[in-house]
Amino acid sequence: MTVSLAALVENELRKDPFTGTVFVFRAKRADQLKLLYWDGTGLVMTFKRLEETTIT
């Protein structure tokens, strides 16, 4: 999944995912967030699922 998000950043956003910038992705149902960033040694993906509400 991390590789496909990095490809999305490069191909759709035309940005470099290896700069340390934090990229935030929201699920269609708005109950999940994924953060992608480069920490200097590799790409890190953090996932958060909301259980009682959604992101607006």
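- Looking at residues two or more places apart in sequence or on another chain, you find a side chain to side chain donor-acceptor pair (under 3.5 Å) between Asp39 and Thr41.
- Tracing side-chain contacts under 4.5 Å through hydrophobic residues (I, L, V, M, F, W, Y), one never reaches Val9 starting from Phe47; they form parts of separate clusters.
- For the atom pair OG of Ser4 and CG of Asn11, the computed distance is 11.0 Å after rounding to the nearest 0.5 Å.
- For Leu35, the side-chain contact (heavy atoms from CB on, under 4.5 Å) criterion is met by Val22, Val24, Leu33, Thr46, not counting sequence neighbours.
- Of all heavy-atom pairs between Pro17 and Ala6, the closest is CG-O, 4.0 Å.
- Remark: Tyr37 engages no residue in a ring pair (Phe, Tyr, Trp, His ring centres under 6.0 Å) (not counting sequence neighbours).
- The NZ atom of Lys15 sits 13.0 Å away from the CD atom of Glu10 when rounded to the nearest 0.5 Å.
- The ring pair (Phe, Tyr, Trp, His ring centres under 6.0 Å) contacts involving residues 13-36 comprise Phe18-Trp38, where partners must be two or more places apart or lie in separate chains.
- Here Arg14 pairs with nothing under the salt bridge (Lys or Arg N to Asp or Glu O under 4.0 Å) rule; sequence neighbours left out.
- The side-chain contact (heavy atoms from CB on, under 4.5 Å) check on Thr19 picks up Asp16, Thr21, with sequence neighbours excluded.
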